[in-house]
Amino acid sequence: MSNSKIKIVNPYTKHKRKLPDGTEKEKPPSNKEIRRDIGNATGNSDTNTNTNTNNFPKNTGSSNINVSAQAAALCISASDKAGMEGIDREKIATIILKESGNSAYIQQQRRRDEKVNERVRHLQQRLQEASPRDYRVTDELDDTLRGYQQRQANRATCVVVDMDMFYMACELLSRPHLNDKPACVGREMILTSNYVARRYGVRSAMAGLIGRKLVEQLSDGREKLIQVPSNFKLYKEKSKIVNEVIREYDPHNMKAYSLDEVYLDIGPYLAVEEVVFRLRQHVKKATGGLTCSAGIARTHTIAKIASDANKPNGQLVVDPVSTLEFVRALPVRKIPGVGRVTEKLLQQVCNIHTGLELYEKRGLVQFLFQPATAEFLLKSSVGCSGEGSSFASFGTEQEESSDHQKGISRERSFSPESDWALLNIKLEEISRMLSEDMKRKSVMGHTVTVKVKLANFDVLNRA
DNA sequence: ATACATACC
DNA sequence: GACTGGTATGTAT
């Protein structure tokens with residue numbers, strides 16, 4: 001069986017208002033409606049799970065042959081993280097698929113994948129029916145792209161500092177003996193893994209069970225994945241130390257993006273490279289041995305990509321002159337904002353794999369994708385994304401620094417539950433958490449939505 | 001305005 | 001032995 005999940009979302013009003021008491025009153029009135037919705041939802045879930053489990057075994061029982069083909073199709077995120085070069089991806093994908101079996105989760109993945117395939121087919125069809133002049137490169141388009149490039153020419157220098165396997169590294173400080181064994185943080189769900197474990201294909205967002213199977217099978221039973229429970233108190237402490245050190249280098253624009261990632265926007269230093277090198281040594285010393293990697297470039301996006309290039313414990317400068325060259329060589333998946341789906345669309349519909357191809361087929365991209373997506377991709381192709389695009393845009397000149405959060409939410413997973421009374425308790429718990437968050441941040445909202453995840457991983461939303 | 005999709009760590 | 005998270009944002013309808 002699986003889980004069921006409830007979530008409450010509450011988009012902010014346009015203007016943040018400080019109303020210490022009014023904030024909390026938003027939610028309780030809506031609880032009644034929420035209850036009704038859950039009632040309907042669980043009613044559906046029964047029939048759904050039944051039909052699914054009835055249908056499924058038939059399909060898989062007979063088909064063992066094309067397991068690896070299926071694995072490839074499901075694109076069980078291959079090796080594009082640091083430390084995963086040159087591993088046997090096919091073997092790993094096969095094990096993952098086999099061990100995932102018919103779990104509700106994997107069935108859900110299949111459904112989602114089928115929808116993506118549908119989109120691929122749809123776009124391919126549109127391409128078939130179009131004539132080349134529909135997607136030719138217009139002068140207008142090239143003017144726009146040149147405009148982007150000129151606009152970024154005199155930006156300050158962006159630095160992205162990214163801690164190396166952060167949670168794991170924190171744990172390794174007190175457990176150095178785990179350094180050369182396959183180890184990870186997290187039990188049911190793996191949060192980070194060390195570099196030994198990554199060579200077995202064990203990575204973040206993977207189910208613990210799968211990680212254990214991978215290590216066991218790929219080492220012929222000689223090794224066992226060591227799982228350390230997560231300790232967020234420790235990570236937060238270390239993160240605070242890191243932030244304090246880094247803040248000294250850029251008190252004004254320094255921004256912590258997550259516990260293990262910091263963005264800087266420093267003046268046009270002459271010796272950035274050395275400064276960042278010192279910064280990294282400084283971080284290592286202050287944290288008792290945690291290493292980080294850094295990227296230095298004209299935009300946050302490029303800096304972020306660059307920070308990944310020499311991981312772990314390395315850095316890379318991409319100066320304005322080499323930016324284009326850098327982007328052209330880049331697999332599109334490396335661009336923040338291009339995930340599994342966009343990558344697949346680009347590859348299978350447009351035959352685009354790299355930044356260079358993205359640029360060369362810019363006419364096609366403009367024709368096939370939604371305006372916003374197209375703009376984002378095209379900006380990326382000339383190394384200029386990060387201004388009001390889908391990727392979180394930090395303090396870009398004109399765009400009202402967009403630290404305007406648009407929503408706030410809390411969600412929790414728990415084992416399937418059909419007792420309404422218990423569901424209500426859960427719901428109230430979540431509401432309370434959210435309510436406290438909102439009080440703390442002094443914000444109000446105008447729309448409340450509830451999300452329910454059923455045992456078969458279907459998701460329902462109600463506003 | 002709402003349901004669903006995509007991406008990130 | 002089973003076992004797949006949490007938060008934010010964008011887009012289509």
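In what follows, every heavy atom counts, from backbone to side chain, and hydrogens, waters and symmetry copies are set aside. Sequence lines set the chain letters: A, B, ... in the order given, protein chains first and strands last, and positions in each chain run from 1.
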Enquirer: Tell me which of E99(A) and T373(A) sits closer to the 5' end of DNA chain C, going by the nucleotide each one is nearest to.
Expert: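 Result of the comparison: E99(A).
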Enquirer: The side chain of M189(A) lies closest to which of these nucleotides: dA3(B), dT4(C), dG6(C)?
Expert: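 Selected nucleotide: dT4(C).
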Enquirer: In whole angstrom, what separates Q370(A)'s CD from dT13(C)'s C1'?
Expert: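 Atom CD in Q370(A) sits about 12 Å away from atom C1' in dT13(C).
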Enquirer: On the nucleotide dT7(C), are OP1 or OP2 found under 4.0 Å from the side-chain N or O atoms that R410(A) carries?
Expert: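 The answer is yes; a side-chain N or O of R410(A) sits under 4.0 Å from OP1 or OP2.
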Enquirer: Look at Q405(A) and dA8(C) and indicate whether a side-chain polar atom (N or O) is within less than 4.0 Å of OP1 or OP2.
Expert: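 It does, given that an N or O in the side chain of Q405(A) lies less than 4.0 Å from OP1 or OP2 of dA8(C).
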Enquirer: E436(A) and M433(A): side chain to side chain contact (heavy atoms under 4.5 Å, CB included), yes or no, with the steps?
Expert: CA-CA 5 Å; E436(A) 269 153 26; M433(A) 289 193 292; 5.6 Å; no
Enquirer: Nearest to the Y105(A) side chain among dT4(C), dC9(B), dA3(B), which nucleotide is it?
Expert: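 Shortest atom-to-atom distance from the side chain points to dT4(C).
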Enquirer: Please state how far atom CZ in R462(A) lies from atom P in dA1(B), giving the value in whole angstrom units.
Expert: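 Going from CZ in R462(A) over to P in dA1(B) covers 18 Å.
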Enquirer: Mind checking the C1' distance from dC9(B) to dT4(C)? Whole angstroms is fine.
Expert: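 The answer is 15 Å between these two C1' atoms.
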Enquirer: For dA2(C), does OP1 or OP2 lie under 4.0 Å from any side-chain N or O of K213(A)?
Expert: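 For dA2(C), OP1/OP2 do not have a side-chain N/O of K213(A) under 4.0 Å.
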Enquirer: What nucleotide among dG5(C), dA7(B), dT9(C) has an atom nearest to a side-chain atom of F457(A)?
Expert: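 Nucleotide nearest to F457(A)'s side chain: dG5(C).
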Enquirer: Between dA7(B), dT2(B), dC4(B), spot the one nearest the side chain of R340(A), thanks.
Expert: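 Given the options dA7(B), dT2(B), dC4(B), the side chain of R340(A) is closest to dA7(B).
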Enquirer: Mind calculating the distance between CD (E261(A)) and P (dA8(C)) to the nearest angstrom?
Expert: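 Spelled out: CD on E261(A) to P on dA8(C) is 16 Å.
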Enquirer: Can you measure L377(A) atom CG to dT11(C) atom P for me and round it to whole angstrom units?
Expert: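 Taking CG of L377(A) and P of dT11(C), I get 11 Å after rounding.
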Enquirer: Measure from NZ on K115(A) to C1' on dA12(C) and round the result to the nearest Å.
Expert: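 After rounding, the reported distance stands at 13 Å.
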Enquirer: With distance as the sole criterion, do the side chain of S103(A) and the base of dT4(C) form a donor-acceptor contact below 3.5 Å?
Expert: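 Counting by modelled atom types and ignoring angles, no donor-acceptor contact under 3.5 Å is found here.
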Enquirer: Give the rounded distance in Å between these two atoms: NZ of K255(A) and P of dC9(B).
Expert: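 One finds 17 Å between P of dC9(B) and NZ of K255(A), rounded.
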Enquirer: For the residue pair Y263(A) and Y257(A), does the interplanar ring angle fall in the parallel (under 30°), tilted (30 to 60°) or perpendicular (over 60°) class?
Expert: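 The rings of Y263(A) and Y257(A) sit tilted, inter-plane angle from 30° to 60°.
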Enquirer: Assign Q108(A) to base, sugar-phosphate, or nothing according to its heavy-atom contacts below 4.0 angstrom with the strands shown.
Expert: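 Contact class for Q108(A): none.
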Enquirer: Among dC9(B), dT4(C), dC8(B), which nucleotide has an atom closest to any side-chain atom of K304(A)?
Expert: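 Shortest atom-to-atom distance from the side chain points to dC9(B).
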Enquirer: So what does T342(A) hit on the nucleic acid, given a heavy-atom distance under 4.0 Å: a base, only sugar-phosphate, or nothing?
Expert: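 Result for T342(A) = sugar-phosphate.
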Enquirer: Closest nucleotide of DNA chain B for S258(A) versus for L345(A): which of these residues is on the 5' side?
Expert: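 Looking at DNA chain B, the more 5' nearest nucleotide goes with L345(A).
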Enquirer: Can you identify which nucleotide, out of dT11(C), dA7(B), dC3(C), has its nearest atom closest to the V341(A) side chain?
Expert: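 The nucleotide sitting nearest to the side chain is dA7(B).
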Enquirer: Using heavy atoms to find the nearest nucleotide of DNA chain B for V116(A) and L259(A) separately, return the residue whose nucleotide is more 5′.
Expert: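 Comparing both residues, the 5'-ward one is V116(A).
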Enquirer: Can you check the L123(A) CG to dA12(C) C1' distance for me, whole Å?
Expert: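 Between C1' of dA12(C) and CG of L123(A): 14 Å.
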Enquirer: Using OP1 and OP2 only, check whether a side-chain N or O of S409(A) sits under 4.0 Å from dT7(C).
Expert: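 Answer is no, no contact under 4.0 Å.
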Enquirer: Nearest to the side chain of E188(A), heavy atoms from C-beta on, is which of dC3(C), dG5(C), dT9(C)?
Expert: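 The answer is dC3(C), which lies nearest to the side chain.
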Enquirer: Can you tell me the distance, in whole Å, between the CD atom of E375(A) and the P atom of dT11(C)?
Expert: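 These atoms are roughly 10 Å apart.
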Enquirer: Check this one for me: any side-chain N or O of K453(A) less than 4.0 Å away from OP1 or OP2 of dG5(C)?
Expert: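 Answer is yes, contact under 4.0 Å.
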Enquirer: Report which part of the nucleic acid S204(A) touches: base, sugar-phosphate, or nothing (heavy-atom distance under 4.0 Å, all strands).
Expert: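 Nothing, no nucleic acid heavy atom in range.
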Enquirer: Taking the six-membered ring of F367(A) as reference, does the cationic atom of R362(A) (NZ for Lys, CZ for Arg) lie under 6.0 Å from its centre and within 45° of its axis?
Expert: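 R362(A) over F367(A) ring: no.
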Enquirer: Check for me whether K238(A) meets the cation-pi criterion with F166(A), that is, NZ or CZ under 6.0 Å from the six-membered ring centre and within 45 degrees of the ring axis.
Expert: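 Output no; distance or angle outside limits.
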Enquirer: Kindly write out the residues that satisfy side-chain contact (heavy atoms from CB on, under 4.5 Å) with E99(A), not counting sequence neighbours, or none if the list is empty.
Expert: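 side-chain contact (heavy atoms from CB on, under 4.5 Å) list for E99(A), sorted by chain: I95(A), I210(A), K213(A), Q217(A).
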Enquirer: Can you name the salt bridge (Lys or Arg N to Asp or Glu O under 4.0 Å) partners of E357(A), sequence neighbours left out?
Expert: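 Expected list: none.
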Enquirer: Please evaluate the base of dC3(C) for a donor-acceptor partner in the side chain of R212(A) within a cut-off of under 3.5 Å?
Expert: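 Yes, the side chain and the base share a sub-3.5 Å donor-acceptor pair.
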Enquirer: Measuring from E375(A):CD to K379(A):NZ, what's the distance to the nearest 0.5 Å?
Expert: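 Atom-to-atom, E375(A):CD and K379(A):NZ are 4.5 Å apart.
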